[in-house]
Amino acid sequence: MTEVRVRFPPSPTGYLHIGGARTAICNWLFAKKHGGKLVLRIEDTDTERSTEESIEGIINGLKWLGLDWDEGPYFQSAYAAEHLAAAHRLLSEGAAYKCFCTVEELEARRQEAARTKSDYRYNGACRDLNPEELAARETTGLTFVIRFRVPRGEGFVAFKDRVYGGIEQAYRDIEDFVIVRSSNLPLYLLSNVVDDIRDRITHVIRGQDGLSNTPRQILLYRALGAPLPVFAHMPLTLDHKKAKISKRNHGEIVTVQYYQERGFIPWALVNFLVLLGWSPGDDREIFSREELIAAFSLEGMTRANAIFNHRKGDPKFFTDPKAIKINAHYLRTIPVAKLAELVKPALQKVGIWDEAYEKDRRAWFQRTLELIRERFHTLSDFASLGRAWFADDFSMDETALHKHLGKYPQLKEWLPELAERFAALPQITPDEAERISREFAEAHGVKPGIPINAARMVITGQSKGPNMFEIFAHIGQDKVVKRLRAAGQ
RNA sequence: GUCCCCAUCGUCUAGCCAGGUCCAGGACACCGGCCUUUCACGCCGGCAGCACCGGUUCGAAUCCGGUUGGGGACGCCA
């Protein structure tokens with residue numbers, strides 16, 4: 001059996017679209033699963049959009065997701081001559097022909113067709129020019145495009161898509177499409193096929209929007225005498241209004257970079273994305289890298305388009321709730337050492353990273369992460385909600401503060417008093433903290449929750465969090481004492 | 001308009017190919033409960049779906065036809 005070779009061919013837009021990421025993930029998984037190769041090919045034929053930065057945006061997105069490739073990046077623009085050569089070969093073999101119709105003529109016909117609501121297709125005006133006519137036009141220096149000569153007659157192109165099954169399209173429904181522009185530049189349909197042939201791609205796994213291009217591409221493969229790859233189209237991801245998700249209409253939410261900035265764990269995003277339009281056939285939803293590779297198959301692909309469940313402006317869910325849920329799951333289950341690596345950039349970003357967290361404070365840091373990760377959803381939460389653990393300047397939720405301290409104005413005196421009890425300890429342990437807290441509450445005739453939650457507020461800035469006795473013992477005696485004392489003001 | 005494709009809870013989906021074991025299973029979200037000094041996690045429970053019509057069959061979410069709805073493609077864009 002020949003080696004499996006798949007490719008991911010993004011056009012350089014400056015960012016990696018989550019739909020593109022999904023395509024990349026599936027190709028990557030397929031390659032890994034079959035011990036094959038993944039080729040990265042930048043389709044930069046549209047030179048205006050292809051800048052150094054726009055290419056880097058794609059590459060960085062892939063790298064961040066942890067997707068690696070075996071060959072490339074190749075650049076489509078580097079092969080323009082090859083694409084052209086293929087076109088000229090088709091021309092000389094009669095599989096393609098020169099068309100001298102002008103864009104104006106074509107456009108007029110197209111509009112006429114639209115007006116009469118009738119079907120438009122190139123009328124084949126130049127398809128059968130005789131040698132004299134052809135020579136006459138060539139000598140006048142008229143510009144021309146090269147069109148592919150689609151077979152006429154009753155036949156049809158049929159192929160078996162690995163996801164959608166048997167697909168067929170009648171020749172009569174395929175027009176003689178242009179493969180080379182009048183500026184002598186090759187067009188996507190041709191370039192793509194020529195590149196795939198050269199790169200020996202065995203499986204074309206792409207979005208369903210490529211499905212209707214497939215019959216024309218198959219015609220090209222045939223004319224070029226190349227073996228057909230296996231085609232597998234995957235459903236698209238749409239928004240709530242069933243429209244394709246795009247940066248233009250949905251903003252940053254569709255870019256991989258957005259999730260990076262918002263504190264997603266790369267693999268969590270991969271895990272979420274792969275579930276959009278694919279399922280292992282059983283109830284599993286969380287996969288390690290190895291598990292996913294083992295479980296992945298084209299057969300598990302859904303045929304219906306998936307909807308990216310994002311409600312614009314939702315304060316609780318800034319993206320699809322399931323994506324957040326999966327991220328939170330990884331947040332609290334990955335090895336803490338790994339988590340530490342991921343949290344580091346989040347803390348650095350807001351300037352509260354301490355080098356000691358990787359040296360003598362390493363154990364403390366990791367224990368802290370263990371303590372607080374349970375209720376966080378993103379890596380960014382460590383820097384925001386968890387800020388009090390790593391810095392002394394943290395803000396307090398005013399309404400929560402009022403709720404916990406307002407009912408008992410005496411807490412202003414009580415908390416500094418509690419501070420002294422903790423200060424008197426040689427070292428705070430959870431048990432000691434609990435004993436002191438309960439005794440203290442009893443001494444003042446209130447329920448333990450009153451001073452405990454008030455202390456939580458002033459020590460962590462949050463009304464919610466881990467077991468308070470653990471916090472007393474772990475956050476540091478100096479911080480406990482200082483913050484409780486400061487509650488006096 | 002033409003061609004291609006699709007259709008199970010609000011969302012992601014299992015089941016469909018090989019019809020009965022499905023008065024449809026899981027997850028997210030939502031609602032209730034337990035746990036608890038708080039919040040979360042966790043656990044327990046609940047809400048909610050086979051688009052519609054017809055056919056085949058003893059029996060259809062599953063097969064067939066149609067209707068409706070949705071998506072994609074119809075460029076000298078990729």
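As the structure is a computational prediction, the values presented were derived from the model and not from experiment. In the text below, chain A, chain B and the rest are named by the order of the sequence lines, each starting its count at 1.
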Between [N] and [X], is there an OP1 or OP2 to side-chain N/O distance shorter than 4.0 Å?
{"X": "A:K325", "N": "B:C28", "value": "yes"}
{"X": "A:R332", "N": "B:G42", "value": "yes"}
{"X": "A:R121", "N": "B:G1", "value": "no"}
{"X": "A:K316", "N": "B:C30", "value": "yes"}
{"X": "A:R109", "N": "B:C74", "value": "no"}

Distance between the [atom1] atoms of [N] and [M], in whole angstroms?
{"N": "B:U21", "M": "B:A60", "atom1": "P", "answer": "11 Å"}
{"N": "B:U13", "M": "B:A29", "atom1": "C1'", "answer": "15 Å"}
{"N": "B:C31", "M": "B:G71", "atom1": "C1'", "answer": "34 Å"}
{"N": "B:U56", "M": "B:C63", "atom1": "C1'", "answer": "8 Å"}
{"N": "B:A51", "M": "B:G42", "atom1": "P", "answer": "32 Å"}
{"N": "B:U11", "M": "B:C58", "atom1": "C1'", "answer": "38 Å"}
{"N": "B:A78", "M": "B:A73", "atom1": "P", "answer": "14 Å"}
{"N": "B:G49", "M": "B:C74", "atom1": "C1'", "answer": "35 Å"}

Short of 4.0 Å, heavy atom to strand atom, which residues of residues 452-460 of chain A count as contacting RNA chain B?
A:I452, A:N453, A:R456

Which parts of residues 168-179 of chain A get close to RNA chain B, meaning a heavy atom less than 4.0 angstrom away?
A:E168, A:Q169, A:D173, A:E175, A:V178

Going by modelled atom types, is there a donor-acceptor pair between the base of [N] and the side chain of [X] at under 3.5 Å?
{"X": "A:S182", "N": "B:C76", "value": "yes"}
{"X": "A:N467", "N": "B:U37", "value": "yes"}
{"X": "A:K464", "N": "B:A40", "value": "no"}
{"X": "A:K322", "N": "B:C12", "value": "yes"}
{"X": "A:E107", "N": "B:G75", "value": "no"}
{"X": "A:R375", "N": "B:C41", "value": "no"}

When both distances are under 3.5 Å in a Watson-Crick or G-U wobble arrangement, the nucleotide paired with B:U67 is B:A51

In the strands shown, is B:G42 matched to any nucleotide by a Watson-Crick or G-U wobble pair with both distances under 3.5 Å, and which?
B:C34

Among A:V270, A:I326, A:I286, find the one that has a side-chain contact (heavy atoms from CB on, under 4.5 Å) with A:L275.
A:I326

Gap between atoms [atom1] and [atom2], on [X] and [N] respectively (whole Å):
{"X": "A:L189", "N": "B:G75", "atom1": "CG", "atom2": "P", "value": "12 Å"}
{"X": "A:R303", "N": "B:C12", "atom1": "CZ", "atom2": "P", "value": "15 Å"}
{"X": "A:H329", "N": "B:G26", "atom1": "NE2", "atom2": "P", "value": "19 Å"}

Looking at [options], which one has an atom nearest to any side-chain atom of [X]?
{"X": "A:R110", "options": "B:G75, B:A78, B:G71", "answer": "B:G75"}
{"X": "A:N305", "options": "B:A29, B:G71, B:C76", "answer": "B:G71"}
{"X": "A:L236", "options": "B:G72, B:C76, B:C30", "answer": "B:G72"}

Under the 6.0 Å and 45° cation-pi test, does A:R147 pair with A:Y122?
yes

At what distance, to the nearest 0.5 angstrom, does CG of A:L276 lie from CE of A:M234?
9.0 Å

Nearest-nucleotide wise, let me know which of A:D209 and A:G465 is further upstream toward the 5' end of RNA chain B.
A:G465

Nearest-nucleotide 5' precedence on RNA chain B, A:F376 against A:L276
A:L276

Can you spot which of A:Y330, A:F382, A:W389 makes a ring-ring contact (aromatic ring centres under 6.0 Å, His included) with A:F376?
A:F382

For A:F390, all residues meeting ring pair (Phe, Tyr, Trp, His ring centres under 6.0 Å), sequence neighbours excluded:
A:Y357, A:F365

Donor-acceptor side-chain pairing of A:H203 and A:N27 below 3.5 angstrom:
no

